[in-house]
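Below is one structure. I have some questions about it.
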Amino acid sequence: MGITSFGTRLAQAITRFGGLTVGIDPHAHLLDAWGLPGGVAGLERFSLAMVEQAADRVGIVKPQVAFFERYGAAGLAVLERVITEARSAGLLVIADAKRGDIGSTNQGYADAWLAAEAPLASDALTVSPYLGVHALDPLYETARANGAGLFVLAATSNPQAEPVQAAGVGLAAGAGQAAGVGQAAGVGQAAGVGQGSLAAHVAHEVGIWNATAPGSFGIVFGATQAPVSRGLDVRTTGNTLPVLAPGFGAQGARLEDAAVLFPGCASRLLASVSRSVAGASASEAGRLIAEHVERLRGAWS
């Protein structure tokens, strides 16, 4: 039996549950709010409870790796268990690690997060393209071989990204249109090159990957920036390119506005929430997750 692609599994999850994605972000203040001890014990109880409350309510969870790494080897051991328990519960796991380097280092990251036999094996991984999109080729190739996926940072919510992600770059003829950016009139047209933003370039290159396994390779597009930001129009990125959208909930974007922020993206939007669904206890988290699912569903109706 062949490997089922991440894109296929993701489409099934969105069809069944919608695109709400529950971030597992064990901030210290959330552990306090739950009355949990600090350190690894509280980290584990909070994170596993969030997995339990998410299961059968949503199809996707997104653990923020940094909150586990800060505890060293013990924290990574908790993360390993969280990933295993989540996948065993039928949840897709997007490891929010934002990895990205070059050459053999990227292969190391690929082996750690995307190889089927790896202790931290996840369904998908967030990655940074700012050493060159094709420096990520080892991650792409490993993901495709193992039926996993990638989400590449394109138009993020943080204002510090504006000078980088909106910077103009040369785009091969037609690349701008594929990424939602038209050619600038008279710029490089004789050479078959148009001018677009770096964010648009990233989206175009990821779109080429995605064509080889539809729905498996997507972009990160901050919800507080949608639908057009950094010279990238999410409405025209192709109907199979998944969009992971942090920024809903505590960061200010409203799930009720999802259809306005991401028009035409109902089948490919992963609306990420974390602090806004944690509440003050596991039972409250379950209730809040269910409410957020309905709010997102209502946005598309």
Side-chain angles (χ1 to χ4, degrees), residues 2-15 19 21 59-60 92 94 99-100 106-107 109-110 113-116 122-156 165 169-183 192-221 226-245 262-270:
I3 297 172
T4 302
S5 73
F6 172 67
T8 297
R9 302 196 306 276
L10 181 61
Q12 292 169 346
I14 292 175
T15 297
T21 299
I60 311 146
L92 297 180
I94 301 172
R99 296 298 192 248
N106 270 342
Q107 187 61 61
Y109 288 140
W113 295 100
L114 302 170
S122 301
D123 294 281
L125 178 70
T126 61
V127 293
S128 173
Y130 296 109
L131 290 177
V133 174
H134 287 287
L136 300 172
D137 281 349
L139 287 147
Y140 159 69
E141 291 162 0
T142 302
R144 189 177 175 202
N146 288 276
L150 297 175
F151 287 92
V152 185
L153 304 178
T156 59
Q165 294 172 356
V169 297
L171 299 176
Q177 289 88 339
V181 176
Q183 289 187 345
V193 174
Q195 188 73 12
S197 71
L198 182 56
H201 167 70
V202 169
H204 171 70
E205 295 299 313
V206 175
I208 293 173
W209 285 347
N210 191 56
T212 69
S216 292
F217 300 97
I219 58 171
V220 177
F221 198 122
V228 179
S229 178
R230 318 286 199 242
L232 171 61
D233 188 341
V234 75
R235 293 170 295 190
T236 54
T237 52
N239 59 13
T240 68
L241 187 79
V243 177
L244 174 60
F262 296 94
C265 294
S267 65
R268 59 190 178 99
L269 179 69
L270 283 65

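For the numbers below, each heavy atom of this structure counts, side chains included, while hydrogens, waters and symmetry mates do not. The first residue in the sequence is number 1, and the count goes up from there. Only a predicted model underlies this, so the values are computations on that prediction, with no experimental measurement involved.
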One should read off an interatomic distance between Trp209 CH2 and Leu139 CG, to the nearest 0.5 angstrom, of 7.5 Å
Taken to the nearest 0.5 Å, the spacing of Arg144 CZ from Thr212 OG1 works out to 4.0 Å
Open item on the list: Can a donor-acceptor pair be found, under 3.5 Å and without considering hydrogens, that links the side chain of Asp233 to the backbone of Arg235?
Closed with: yes
*asked:* Could you check whether any side-chain N or O of Ser128 sits under 3.5 Å from a backbone N or O of Gly100, counting only pairs where one atom can act as donor and the other as acceptor?
replied: no
**Q.** Side-chain donor/acceptor of Asn210 to backbone N/O of Gly215, under 3.5 Å
**A.** yes
Requested in this report: Would you please test Ile94 and Thr126 for side-chain contact (heavy atoms from CB on, under 4.5 Å) and show each step?
Outcome: CA-CA 7 Å; Ile94 301 172; Thr126 61; 4.1 Å; yes
For Asn239 and Ser267 the tightest heavy-atom approach is O-OG, 4.5 Å
Do Asn106 and Asp137 have side-chain heavy atoms sitting under 4.5 Å apart? no
- prompt: Are any side-chain N or O atoms of Gln165 and backbone N or O atoms of Thr156, one a donor and one an acceptor, separated by less than 3.5 Å?
  reply: yes
In terms of heavy-atom contacts, Phe262 and Phe221 come closest through CZ-O, 3.8 Å
* Whether Thr21 side chain and Gly19 backbone form a donor-acceptor pair below 3.5 Å -> yes
Strictly by modelled atom types, are Gln107 and Thr142 linked by a side-chain donor-acceptor pair under 3.5 Å?
-> yes
Heavy atoms of Asp123 and Leu92 approach each other most closely as OD2-CA, 3.4 Å
In terms of the angle between their ring planes, are Phe151 and Phe6 parallel, tilted or perpendicular, with boundaries placed at 30° and 60°? perpendicular
Value for OG1 (Thr237) from CD1 (Ile219), rounded to nearest 0.5 Å, stands at 5.0 Å
The reported gap from CG in Leu136 to OH in Tyr130 (rounded to nearest 0.5 angstrom) is 10.5 Å
Original post:
Taking the side chain as C-beta and beyond, is there a heavy-atom pair between His201 and Leu198 under 4.5 Å?
Top reply: yes
Taking every heavy atom of Ala154 against every heavy atom of Ala199, the minimum-distance pair comes out as O-CB, 3.4 Å
Smallest heavy-atom separation, Gly149 atom then Ala143 atom, equals N-CB, 4.2 Å
Could you walk me through whether Ile14 and Leu270 pass the side-chain contact (heavy atoms from CB on, under 4.5 Å) test, one step at a time?
CA-CA 8 Å; Ile14 292 175; Leu270 283 65; 4.0 Å; yes
Separation between CG (Leu232) and NE2 (His204), nearest 0.5 Å, reads 12.5 Å
Between Leu114 and Asn146 the two heavy atoms that sit nearest each other are O-CB, 3.4 Å
- [ ] Please answer whether the main-chain N or O of Val243 pairs with a side-chain N or O of Arg268 as donor and acceptor at a distance below 3.5 Å.
- [x] no
